[in-house]
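To start, the structure itself, in structure tokens.
Naming: A, B, ... by sequence-line order, numbering from 1 per chain.
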2 protein chains.
Amino acid sequence: MVDNLTVPSPETEIPEEISGLRMTRQRREVYRILLQDRDHPTANDVFLRVKDALPSISLATVYNCLEALVQHGIVRQVNFERESSRFCPNVAEHGHFHDRSTGVIHDITFKPGVNLSDFLELPAGAVVTDIELTLRGQLGSI
Amino acid sequence: MVDNLTVPSPETEIPEEISGLRMTRQRREVYRILLQDRDHPTANDVFLRVKDALPSISLATVYNCLEALVQHGIVRQVNFERESSRFCPNVAEHGHFHDRSTGVIHDITFKPGVNLSDFLELPAGAVVTDIELTLRGQLGSI
DNA sequence: CCAATATCAAGAACTATTCTAAATTGGTTT
DNA sequence: AAACCAATTTAGAATAGTTCTTGATATTGG
């Protein structure tokens with residue numbers, strides 16, 4: 001289910017630098033936490049988890065690190081409604097299915113070869129650079 | 001471009017009650033503002049506009065009214081990233097195209113007859129009750 | 001008309017996030 | 001290794017949007 005082609009595993013050595021971003025101790029740990037449990041944690045979730053490795057890290061630093069990772073395309077920031085932002089290390093294009101009964105968020109991918117204009121009435125001349133798709137519902141028990 | 005089959009026009013008399021929600025003076029005016037300019041205003045935008053008709057209305061009341069309208073399915077609340085919520089009177093299923101260069105938000109509809117599973121790899125047994133789709137980009141000048 | 005209920009208004013409170021300023025760190029040059 | 005400089009981290013203050021609280025006001029049903 002997890003795409004190991006686009007995202008390193010948590011055991012992988014995280015290099016000194018990724019996409020031009022120097023990996024400080026804090027950034028490395030924040031990133032490692034994201035790779036570890038792919039459950040779309042909030043900044044505060046990350047803060048709590050990263051404290052094991054770096055007890056003196058501050059929440060502001062977690063925000064800083066997440067912002068740096070996002071801006072360098074290493075991590076994706078995901079917003080559901082007006083809830084706290086969530087973060088995931090899967091930067092491949094994908095949407096989310098939010099299971100209302102369990103709260104679990106599943107990544108969903110587009111079928112290969114589909115085109116936005118295949119199923120959407122887009123304004124004439126629209127050039128789409130960014131897609132945000134969230135589905136909500138339940139995982140029916142078949 | 002505006003769907004007059006699912007949304008009343010601003011000139012239409014707004015009835016005493018919609019979908020079980022009593023239309024107070026404040027709710028009526030808030031709703032009228034939303035019908036007037038379909039530009040996805042924020043709560044504060046609505047507040048500023050509605051003051052013409054009701055100079056003593058408070059921002060809290062605008063929030064209350066919008067919440068009541070949303071909860072009764074009369075109005076839709078739309079969130080882009082972590083910006084202020086926006087509100088639109090088009091409750092038919094639709095997504096949004098956010099033009100980055102002008103800031104204008106265009107409603108986009110699904111082509112008739114398309115199915116989510118036609119273009120998405122959904123988790124097995126997923127029952128989708130709610131779709132949120134936002135595209136960002138530019139309206140190329142062709 | 002009166003009581004019960006719903007709604008409104010004003011401002012305080014709350015939450016997630018960003019900002020600020022000072023301290024620390026890391027890498028580089030001497 | 002010491003000095004230097006820029007980048008980063010930290011802690012707490014500030015901010016923005018929204019929600020909550022409380023008392024006032026309006027509306028409905030009896």
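OP1 or OP2 of C:dA16 has not a single side-chain nitrogen or oxygen of B:Arg82 nearer than 4.0 Å. A sub-4.0 Å separation between OP1 or OP2 of C:dT17 and a side-chain N or O of A:Tyr63 is present.
At least one side-chain heavy atom of A:Arg100 sits under 4.5 Å from a side-chain heavy atom of B:Thr129.
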Could you list the protein-to-nucleotides 7-11 of chain C atom pairs, N/O on both sides, closer than 3.5 Å?
unit_1: C:dT7; atom_1: OP1; unit_2: B:Arg27; atom_2: NH1; d: 3.0
unit_1: C:dT7; atom_1: OP1; unit_2: B:Arg27; atom_2: NH2; d: 3.3
unit_1: C:dT7; atom_1: O5'; unit_2: B:Arg27; atom_2: NH2; d: 3.3
unit_1: C:dC8; atom_1: OP1; unit_2: B:Thr24; atom_2: OG1; d: 2.5
unit_1: C:dC8; atom_1: OP1; unit_2: B:Gln26; atom_2: OE1; d: 3.2
unit_1: C:dC8; atom_1: O3'; unit_2: B:Gln26; atom_2: NE2; d: 3.3
unit_1: C:dA9; atom_1: OP2; unit_2: B:Thr61; atom_2: OG1; d: 2.4

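Here the P atom of nucleotide C:dG26 and the CD atom of A:Glu17 are 16 Å apart, to the nearest Å. Rounding to whole angstrom units, CG of residue A:Leu54 and C1' of C:dT25 are separated by 14 Å. Computed from coordinates, the A:Glu16 CD to C:dT25 P distance equals 17 Å when rounded to whole Å. The distance between atom CG of B:Leu59 and atom C1' of C:dA12, rounded to the nearest whole Å, is 14 Å. For the pair A:Asn44 CG and C:dT18 C1', the interatomic distance rounds to 15 Å; values are reported in whole Å.
Contacts of B:Ser19 classified as side chain to side chain donor-acceptor pair (under 3.5 Å), with partners at least two apart in sequence or in another chain: none. By the side-chain contact (heavy atoms from CB on, under 4.5 Å) test, A:Asp52 is found to be paired with no residue, residues two or more places apart in sequence or in another chain being considered. Applying the side-chain contact (heavy atoms from CB on, under 4.5 Å) criterion to A:Leu48, with sequence neighbours excluded, gives A:Asn44. A:Asp39 pairs by the salt bridge (Lys or Arg N to Asp or Glu O under 4.0 Å) definition with A:Arg49, not counting sequence neighbours. Scored by the ring-ring contact (aromatic ring centres under 6.0 Å, His included) test, B:His40 finds B:His96 as partners (sequence neighbours excluded). For the side chain to side chain donor-acceptor pair (under 3.5 Å) test, no residue two or more places apart in sequence or in another chain qualifies with B:Arg22. With sequence neighbours excluded, the residues forming a ring-ring contact (aromatic ring centres under 6.0 Å, His included) with A:Phe119 are B:Phe119, listed by chain and number.
A 4.0 Å heavy-atom criterion places the boundary nucleotides of DNA chain D facing chain B at D:dG17 to D:dT28, written 5' to 3'.
Among residue pairs with one or both ends in residues 76-89 of chain A, those qualifying as salt bridge (charged side-chain N to carboxylate O under 4.0 Å, His left out) are A:Glu81-A:Arg136, A:Glu83-A:Arg86; sequence neighbours excluded.
By the rule that hydrophobic residues join a cluster once side-chain heavy atoms approach within less than 4.5 Å of another member, A:Phe80 and A:Val75 end up as members of separate clusters.
Across the helix from C:dC1-D:dG30 to C:dT30-D:dA1, the helix axis at one end is tilted relative to the axis at the other end by 20° (nearest 10 degrees, each axis from five pairs).
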Can you give me every donor-acceptor pair (side chain of residues 56-68 of chain B, partner residue at least two apart or in another chain, under 3.5 Å) with its distance?
unit_1: B:Ser58; atom_1: OG; unit_2: B:Ala60; atom_2: N; d: 3.4
unit_1: B:Ser58; atom_1: OG; unit_2: B:Thr61; atom_2: N; d: 3.1
unit_1: B:Ser58; atom_1: OG; unit_2: B:Thr61; atom_2: OG1; d: 3.1

